[in-house]
Amino acid sequence: MLEGPTMANDRPVRVRIAPSPTGDPHVGTAYIALFNYAFAKSTGGKFILRIEDTDQTRARSDSERMIYDALRWVGLSWDEGPDVGGPYGPYRQSERSQHYKDAASKLLDAGKAYRCFCTEDRLAKLRIQQQAEKATLGYDRHCRDLDPAESRNRAAQGEACVVRLKVPVSGPIDFQDQLRGVVSRDAKEIDDQVLLKSDGLPTYHLANVVDDHMMQITHVIRAEEWISSTQKHVLLYEAFGWEQPQWFHMPLLRNTDKSKISKRKHPVSINYYRDSGILPQALLNFLGTMGWSFGGDREKFTLAEMISVFDWKRMSLGGPVFDLAKLTWLNEQYIHELTTEQLADALIDWRFNKEFLLKLLPLAHKRIKRLDDFIGVTEFFFTGDLDYAAVTTHFAIPDVAPKEVAKAVLELVEKYEAREGWEAKTLDEVTQAWVTALGWKTKHAFMLLRVAVTGRTTSPGLFETMGVLGKEITRRRLRKAAEVIAKLPAPAAAPAPATKSP
RNA sequence: GACCCUGUCGUCCAGAGGCCUAGGACACCCGCCUUUCACGCAGGUAACACGGGUUCGAAUCCCGUCAGGGUCGCCA
């Protein structure tokens, strides 16, 4: 056990998740939220949602809303948060700038932090040099010993600067991880972390510590990827003279290849699971089996049941691979226990509702001669992964190797990703630019995409179809198609001079 | 590369020194049921990373090796 200024045992439990609104609502957010929630509720504590939007360059306007919707969809709700308020607000970091500035100047005054005037350019060069010399990476503390008066002057004159933490030059810095025991690291491995960026906004490290303290967070339950930042946070708590929370680092969800779960290798958006017909209670249950066990061979359990038996002793720390097949099986269990009435409602919620039909019908309307054409015309809006076996000939682009085609399709997906919004018009623009750059014939490229997205050669307008299908389903189909394309045999090329014969 | 975390069937978990000839679930394979398919039911294949200790006894404790992962940003 670590002695010293820790252990927040005597206070009522307050935990939080702090997602940053930079994209689609991530399944990892729901995972960490679930354990925070289950722990808090098992002790009668509070669960708080805080939005960490201190990076203006990455913030997405629709992302915050999607986080709320996704979390509520799986069945998690928060006691305090930007949209519900609470006694420790505001809960959006972009609205708390003054707190971080005050905190930073406290540290500056105490000589525990300093202004750094190094340019990004210098830092970039430094990094390149360090890499070349295979030296330890990190800031070289160039500005650490500037005269405080000079530092103040330069800042007053408007010279751009950041504020960095004065990390001890050496000596052990330990923290007690409640799941793993003592994690020890020497201060010499840690460089002087930026606390306040030159735009005046805090980095994660500062904002996180300041907010957790001000919001009376007692237990920090977050993903394993934060372990190596924790020493910096410990140092901050010490510099401020604040009591540390208890630390819990959960294992990371993994791709099939064991790497940290990522959108290029695995569906990570909660919206994907919703759109592909996973029931929220099944997703949540599944997440509850990742690294944690209910006990007694129970695979299937509700949130309430999980809370009632929740115990950190049931955690295991190996990184769990997110297995879609097992999730699907669990989902099947939930579907089968629904009454016919409930299943009808689930289906209506999913796609068989007026809102969805009103989006879909404009594309199908003129293709329908009798009402009973509807299913035939729109069937791929209601199915899961497509079977491309019968249509692979349309995946060929003349004079382009299948591997290249596959690569280009993946690049298109990335380009869609980079653009905010998912409207036909945007998709059209991005795609046109993509084909032009590739120099492919539009008709070949568009047929390929049409087949990838719908599984057939006839369909409503390509981009309107993608628009209605949604980002997640479209993306998955494009990726699946790329996989198929990559495995296609190269077309018999014009007779090339054989250098080797079998 | 440095530092840190982790290491039981292909995958998710059980196992907190003897109850383990290692248990459950998914997936897979094989039956049964059935006009078909699915469900359901009954079986089966399959793992303690390796090497040293400690101990009467190790999947469980310790050390080393190896492997996987994470982090090394004015991103979170």
Side-chain angles (χ1 to χ4, degrees), chain A residues 18-23 26 28-29 51-59 93 116-120 122-124 126-127 130-131 133-139 160-164 173-175 177 179-208 222-232 249-261 285-300 313-333 335-336:
Chain A
S20 69
T22 51
H26 200 279
T29 303
I51 295 290
E52 306 228 330
D53 55 349
T54 56
D55 184 0
Q56 335 148 299
T57 58
R58 295 208 313 164
Q93 288 188 331
C116 165
F117 297 90
C118 293
T119 60
E120 300 221 32
R122 187 180 108 77
L123 296 177
L126 178 68
R127 196 170 310 130
Q130 286 171 337
Q131 272 161 355
E133 293 171 2
K134 297 200 189 297
T136 317
L137 266 36
Y139 180 56
C161 67
V162 302
V163 174
R164 287 182 186 269
I173 301 173
D174 297 349
F175 72 91
D177 185 287
L179 265 15
R180 299 156 200 266
V182 175
V183 179
S184 183
R185 206 144 81 100
D186 197 281
K188 67 170 182 260
E189 310 289 345
I190 304 168
D191 70 348
D192 287 356
Q193 181 58 47
V194 172
L195 301 177
L196 218 52
K197 299 182 271 189
S198 56
D199 63 4
L201 292 176
T203 58
Y204 168 84
H205 304 286
L206 209 220
N208 179 266
R222 58 189 358 174
E224 187 180 1
E225 56 187 330
W226 294 106
I227 287 181
S228 43
S229 296
T230 304
Q231 274 89 358
K232 294 169 186 173
H249 290 93
M250 301 274 301
L252 246 15
L253 259 20
R254 308 295 183 90
N255 298 312
T256 315
D257 67 4
K258 300 272 192 183
S259 56
K260 164 168 115 172
I261 200 166
N285 186 163
F286 177 71
L287 257 15
T289 68
M290 301 273 87
W292 191 81
S293 60
F294 189 90
D297 290 341
R298 274 284 285 283
E299 311 279 341
K300 184 164 168 290
K313 287 200 180 76
R314 304 221 59 88
M315 253 342 274
S316 62
L317 300 174
V321 172
F322 194 114
D323 181 10
L324 285 170
K326 185 141 186 188
L327 169 60
T328 303
W329 169 80
L330 241 193
N331 199 57
E332 178 187 21
Q333 305 309 304
I335 285 188
H336 288 182

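Per chain, numbering begins at 1; letters A, B, ... match sequence-line order. This one's a predicted model, so the numbers in the text were calculated from it and none came from an experiment.
For A:R164, a side-chain nitrogen or oxygen approaches OP1 or OP2 of B:C74 to under 4.0 Å.
Closest to the A:V183 side chain, of the nucleotides B:C4, B:C75, B:G68, is B:C4. When distances are taken from the side chain of A:K258 to each of B:C5, B:G68, B:G10, the shortest belongs to B:G68. If you check B:C4, B:C74, B:C13 against the side chain of A:P320, the one that comes closest is B:C13.
A donor-acceptor pair under 3.5 Å links the side-chain atoms of A:D186 to the main chain of A:K188, judged by distance alone.
With hydrogens and angles ignored, a donor-acceptor pair under 3.5 angstrom links the side chain of A:K326 to the base of B:A25. You'll find a donor-acceptor pair under 3.5 Å spanning the side chain of A:E299 and the base of B:G24, going by distance alone. A donor and an acceptor atom sit less than 3.5 Å apart, one in the side chain of A:R58 and one in the base of B:C75. Judged by atom type and distance alone, A:S198 reaches the base of B:C74 through a side-chain donor-acceptor pair under 3.5 Å.
Using P as the reference atom, B:G73 and B:C29 are 48 Å apart when rounded to the nearest Å.
Backbone-only contact: A:T54 has heavy atoms under 4.0 Å from sugar-phosphate atoms and none from a base. Residue contacts shown for A:G291 are limited to sugar-phosphate atoms, with no base heavy atom under 4.0 Å away. Looking at heavy-atom distances under 4.0 Å, A:R298 makes no contact with the nucleic acid at all. Heavy atoms of A:S316 sit under 4.0 angstrom from primed sugar atoms or phosphate atoms, though from no base atom.
With rounding to whole Å, A:M315 atom CE is found 17 Å from B:G15 atom C1'.
Contact between A:T256 and A:V321 at its shortest, heavy atoms only, is CA-CG1, 3.8 Å.
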